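Scroll down for the structure; my scribbles are underneath it.
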Amino acid sequence: MSDVPARDREVVAGAIFRGGRLLLAQRTSPPALAGRWELPGGKVEEFETPQAALARELREELAVEVRCGTRIGVDVQLSAGLVLRAYRAELVSGEPVALDHAQLAWVDAEELLSMDLVDNDRAWIPELLEELRAL
Ligand code: 9L3
Ligand code: MG
C-alpha cells in the first residue's frame, strides 16, 4: 500500500480567443447538459498530459490543431477525484467545426454574459471577460 494520495483525474477545456471573441460550443449530451454552452474539451486519458489531451480533444471535437497555452480561471471540482481545468488554446490550423456539438459560437464579452453556460464553466466567467475586454 502506498501513502501517496491518488491525483485527481482531469477534464481539460480550451479557451480559444480570436478577434476579440471566444469560441463556445453547445453540448448535445448528457440530457441534463444538452443545449447548454461550454468551453470544448474532455477527459485526460491515463498516461496523457493535459496539454496533449486538450490538443486531442479539440482535434476530435472541432477538427482543428491547437497549441495548449496557460491556465485560465480556477480549478473546478466535478466530483470526488475529477477536476476540471481551462487552458488557453492557440489555433494552429483549421477552422473549427462542430463535429461533436450542436453548434459553435464566437462570442464577445456582452454575448458571453447572455449565453446559457454549463454551471461548471460559469466559474471562469470573470477571467474570460477580463481577457475579452482586454482584446
Ligand atoms: N465538462 C464541463 N465543462 C467543460 C467540459 C469540456 C466538460 N467545459 C464536464 C462534462 C462532463 C465531463 O466534464 O461531465 C467530461 O466532459 P466530456 O467528455 O463529456 O466533454
Ligand atoms: Mg467533450
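Everything quoted here is computed from the prediction, not taken from an experiment. Every number for a ligand or one of its atoms is a count from 1 in the order of the listing.
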Is there a side-chain contact (heavy atoms from CB on, under 4.5 Å) between D75 and D8? Walk through the geometry before answering. CA-CA 11 Å; D75 286 14; D8 282 352; over 6 Å; no
To check your reading of the model: name the closest protein heavy atom to [atom], its residue, and the distance in Å.
atom                    : value
atom 3 (N) of ligand 1  : D121 OD1, 2.7 Å
atom 5 (C) of ligand 1  : E38 OE1, 3.2 Å
atom 9 (C) of ligand 1  : L78 CD1, 4.1 Å
atom 18 (O) of ligand 1 : G42 CA, 3.7 Å

N/O/S atom name from E61 that is nearest to the position of the Mg ion (ligand 2): OE2
Any salt bridge between E95 and R18, counting N to O under 4.0 Å?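 Yes, charged N to carboxylate O under 4.0 Å.
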Is the shortest heavy-atom distance from the side chain of L84 to the side chain of D121 under 4.5 Å?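 Contact flag for L84/D121 side chains = yes.
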Using a strict 4.0 Å cut-off to heavy atoms of [X], name the atoms of ligand 1 that fall inside it.
X   : result
A13 : 8 (N)
V11 : 7 (C), 13 (O)
G41 : 6 (C), 20 (O)

Residue-level breakdown please: for R27 versus ligand 1, do any non-hydrogen atoms fall below 4.0 Å on the side chain, on the backbone, on both, or on neither?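 Near ligand 1, R27 shows its side chain, while the N, CA, C and O stay back.
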Got a sec: does the CD of E130 have more than 12 other heavy atoms crowding it under 6.0 Å? no
Is [X] in polar range of ligand 1, meaning some N or O pair under 3.5 Å apart?
X    : answer
L39  : yes
W124 : no
V12  : no

Quick check: does G41 put an N/O/S atom under 2.8 Å from the Mg ion (ligand 2)? yes
Is there a side-chain contact (heavy atoms from CB on, under 4.5 Å) between V11 and N120 once you walk through the steps? CA-CA 11 Å; V11 176; N120 292 134; over 6 Å; no
Exercise check, heavy-atom protein proximity under 4.0 Å to atom 14 (O) of ligand 1: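 Within 4.0 Å: no protein heavy atom nearby.
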Please test I72 against F17 for side-chain contact (heavy atoms from CB on, under 4.5 Å), starting from the C-alpha separation and ending with a verdict. CA-CA 12 Å; I72 182 165; F17 294 96; 4.3 Å; yes
Name the one of E65, E48, E61 that satisfies salt bridge (charged side-chain N to carboxylate O under 4.0 Å, His left out) with R56?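 For R56, the salt bridge (charged side-chain N to carboxylate O under 4.0 Å, His left out) test succeeds with only one of E65, E48, E61, which is E48.
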Which donor-acceptor pairs under 3.5 Å do the side chains of residues 28-36 make with protein atoms, sequence neighbours left out?
residue: R36; atom: NE; partner: D116; partner atom: OD1; Å: 3.3
residue: R36; atom: NH2; partner: L117; partner atom: O; Å: 2.7
residue: R36; atom: NH2; partner: D119; partner atom: OD1; Å: 3.0

Please test L58 against I16 for side-chain contact (heavy atoms from CB on, under 4.5 Å), starting from the C-alpha separation and ending with a verdict. CA-CA 10 Å; L58 298 191; I16 302 177; 4.1 Å; yes
